[in-house]
Chemist: 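What follows is a structure written as structure tokens; I'll ask about it next.
The basis for the numbers below is simple: all heavy atoms, side chains too, and nothing from hydrogens, waters or symmetry mates. Chain A is the first sequence line, chain B the second, and so forth, proteins listed ahead of strands; every chain is numbered from 1.
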Amino acid sequence: MLAVSSSDAGRWRVLHVRGEIDMATSPTLRQEIIGQIGAGHRNLVVDLAGVDFVDSTGLGVLIGGLKRTRSQGGDMRLSGVTGQLSRVFELTGLDDVFTVIDADQPDGVVGAQP
Amino acid sequence: MLAVSSSDAGRWRVLHVRGEIDMATSPTLRQEIIGQIGAGHRNLVVDLAGVDFVDSTGLGVLIGGLKRTRSQGGDMRLSGVTGQLSRVFELTGLDDVFTVIDADQPDGVVGAQP
Amino acid sequence: MTSGINLVIPAQPEYLSLVRAVVAAAAALDPGLGDDRIEDLRIAVSEATTNAIEAHANLGSRERITIRCDLADDRIEVEVEDHADPGFEAGELDSPGPLDRPGRLEYEGGMGIPLMRVLADEMKIRSLDHGTAVQLVVYASGPSKD
Amino acid sequence: MTSGINLVIPAQPEYLSLVRAVVAAAAALDPGLGDDRIEDLRIAVSEATTNAIEAHANLGSRERITIRCDLADDRIEVEVEDHADPGFEAGELDSPGPLDRPGRLEYEGGMGIPLMRVLADEMKIRSLDHGTAVQLVVYASGPSKD
Ligand SMILES: Nc1ncnc2c1ncn2[C@@H]1O[C@H](COP(=O)(O)OP(=O)(O)O)[C@@H](O)[C@H]1O
Ligand SMILES: Nc1ncnc2c1ncn2[C@@H]1O[C@H](COP(=O)(O)OP(=O)(O)O)[C@@H](O)[C@H]1O
């Protein structure tokens with residue numbers, strides 16, 4: 001099960017993801033990211049606070065999103081990376097690739113780094 | 001997993017049960033009930049508020065406890081019977097056999113019906 | 001059976017909660033099955049597996065128990081197959097006492113099969129060459145068994 | 001293998017969460033395995049099963065995937081066996097790229113096998129006659145793989 005809702009924080013479009021991101025659900029997230037970029041939202045925050053599992057398929061979708069936003073002159077950041085997520089981000093070296101922002105102060109941090 | 005702790009409410013000994021009561025765990029509950037009766041506690045309340053599953057083996061242990069306390073001139077009552085538990089109690093007719101007391105006011109109801 | 005799940009477990013009670021978790025997860029894949037019916041199936045399968053474990057224990061058998069979940073469009077079928085031989089005694093199946101027969105509550109056992117019968121929409125017990133198969137069916141749009 | 005659990009699932013991604021739940025529940029029966037190691041095993045088995053499902057999908061195969069959990073005193077072994085034939089291409093197994101090789105992050109895939117390698121204490125891939133078996137071992141008192 002995966003559910004995605006969205007909200008705005010300044011120039012950032014925030015996608016709030018809930019559930020597990022694996023081979024079954026990652027196409028939903030990919031479509032959502034592509035749809036947002038297509039609708040003109042080149043600056044995305046993917047809020048993973050409601051996600052308790054991400055597999056390599058899900059990591060691939062996040063990498064793809066990062067590359068897509070950047071190729072449009074935008075950017076993608078993550079928040080809510082804890083537990084199992086921080087473990088796989090660390091093991092794959094993705095913690096160095098993604099800008100992970102503090103879930104408690106998303107606006108502040110996001111606003112401070114345009 | 002099954003965990004049992006106990007407390008006193010007037011003349012009643014209250015067993016607070018947590019976990020699932022099935023073939024794997026019901027021997028623990030049976031031993032606990034027998035031990036309490038052996039230690040002189042003939043009036044027992046089994047608080048099932050922390051239990052989310054009871055199978056027929058568990059129901060059998062509760063019936064056994066009721067009979068054992070009564071054969072010693074005591075009694076056994078239940079509290080916290082909700083969800084899956086109320087379904088199996090209803091289907092087996094045990095809701096008519098056991099006195100189920102309100103978990104919110106255990107002392108009051110227990111004290112009122114010596 | 002290509003849309004089915006099989007689970008094979010040792011005939012030991014500590015695996016019961018795993019069986020319940022698998023059945024609940026399998027049943028949740030059927031969009032037509034409400035939470036109440038999933039719960040009914042979960043209880044019924046737990047009872048059938050308990051009986052199978054008990055039958056193995058009585059015989060000291062170390063063989064394993066198979067739980068097959070078969071999801072069809074309109075129903076979920078679960079079969080619990082054990083290898084405890086001999087299985088049911090002759091006649092035992094003909095008169096499973098109803099839950100409300102007078103005096104039944106004098107006994108601390110004997111509630112498993114009657115519970116399965118009221119919880120499942122269909123329940124069949126088959127004697128195998130070297131064991132027993134209990135089949136439990138719950139229909140997605142089945143009559144509420146309450 | 002009498003203390004083992006087998007799970008057979010259709011080669012479809014919606015069964016992945018069930019596989020993770022079963023592996024976690026099986027691993028939890030091993031008192032020597034901490035929550036962190038159970039989590040490592042759960043991720044690794046999920047990756048192996050994902051690859052198996054993908055291999056079946058690529059071939060349009062409708063056969064099922066078997067996940068065997070074998071609990072021993074000092075370790076838990078899980079084997080994921082698929083029936084996607086041919087399995088790995090020759091040579092593919094010899095050079096699984098490490099996670100940190102330069103440019104690897106240019107690709108959105110290729111993280112599954114490296115993740116399994118770092119998460120499990122042992123990982124072996126065997127080509128079968130008609131498929132692939134991936135074996136993952138986590139030791140109860142094994143070296144922390146952090
Ligand atoms: N799988 C089985 N193999 C052999 N006998 C069984 C099996 N399941 C049930 N039985 C028999 O049917 C009886 C009634 O089962 P049940 O209603 O579940 O109550 P209980 O298990 O408490 O006796 C059991 O005592 C056992 O003799
Ligand atoms: N069970 C399998 N059967 C056949 N090929 C496999 C299997 N598992 C992995 N592979 C091959 O190994 C490659 C690398 O796998 P992996 O590291 O998990 O990354 P990804 O699945 O993202 O490509 C796969 O692309 C596939 O070609």
Chemist: Does D:R20 count as lying over the ring of A:F53, i.e. NZ or CZ under 6.0 Å from the six-ring centre, within 45 degrees of the axis?
Modeler: yes
Chemist: Does A:D95 have any side chain to side chain donor-acceptor pair (under 3.5 Å) partners at least two apart in sequence or in another chain, and if so, which?
Modeler: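 Per chain and number, A:D95 pairs via side chain to side chain donor-acceptor pair (under 3.5 Å) with no residue.
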Chemist: Are D:R75 and D:D121 within salt-bridge range, i.e. N to O under 4.0 Å?
Modeler: no
Chemist: If I measure from the heavy atoms of chain D, does A:Q84 come under 4.5 Å with its side chain, its backbone, both, or neither?
Modeler: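 Backbone plus side chain of A:Q84, per the 4.5 Å heavy-atom cut-off to chain D.
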Chemist: Only pairs of heavy atoms separated by less than 4.5 Å count here; which of A:A24, A:G64, A:S56 has the most with chain D?
Modeler: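 If we count pairs closer than 4.5 Å to chain D, A:S56 comes out on top.
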Chemist: I'd like to check the side chain to side chain donor-acceptor pair (under 3.5 Å) partners of A:S6; sequence neighbours left out, ordered by chain and number.
Modeler: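 Counting only residues at least two positions away or on another chain, A:S6 forms a side chain to side chain donor-acceptor pair (under 3.5 Å) with A:R13.
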Chemist: Which residue pairs pass the salt bridge (Lys or Arg N to Asp or Glu O under 4.0 Å) test with at least one member in residues 25-34 of chain D, sequence neighbours excluded?
Modeler: none
Chemist: For residues 34-44 of chain A, give me every residue with a non-hydrogen atom less than 4.5 Å from any non-hydrogen atom of chain D.
Modeler: none
Chemist: Can you check whether A:L2 reaches A:L29 side chain to side chain, under 4.5 Å on heavy atoms?
Modeler: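 The answer is yes, as the side chains (C-beta and beyond) meet within the 4.5 Å cut-off.
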Chemist: I'd like to know whether D:E81 forms a salt bridge (charged side-chain N to carboxylate O under 4.0 Å, His left out) with D:R68, so could you lay out the CA-CA distance, the side-chain angles of the two residues, the decisive distance to 0.1 Å, and finally the verdict.
Modeler: CA-CA 8 Å; D:E81 185 181 314; D:R68 285 190 202 86; 3.2 Å; yes
Chemist: With only heavy atoms counted, which part of D:T50 is less than 4.5 Å from chain A, the side chain, the backbone, both or neither?
Modeler: both
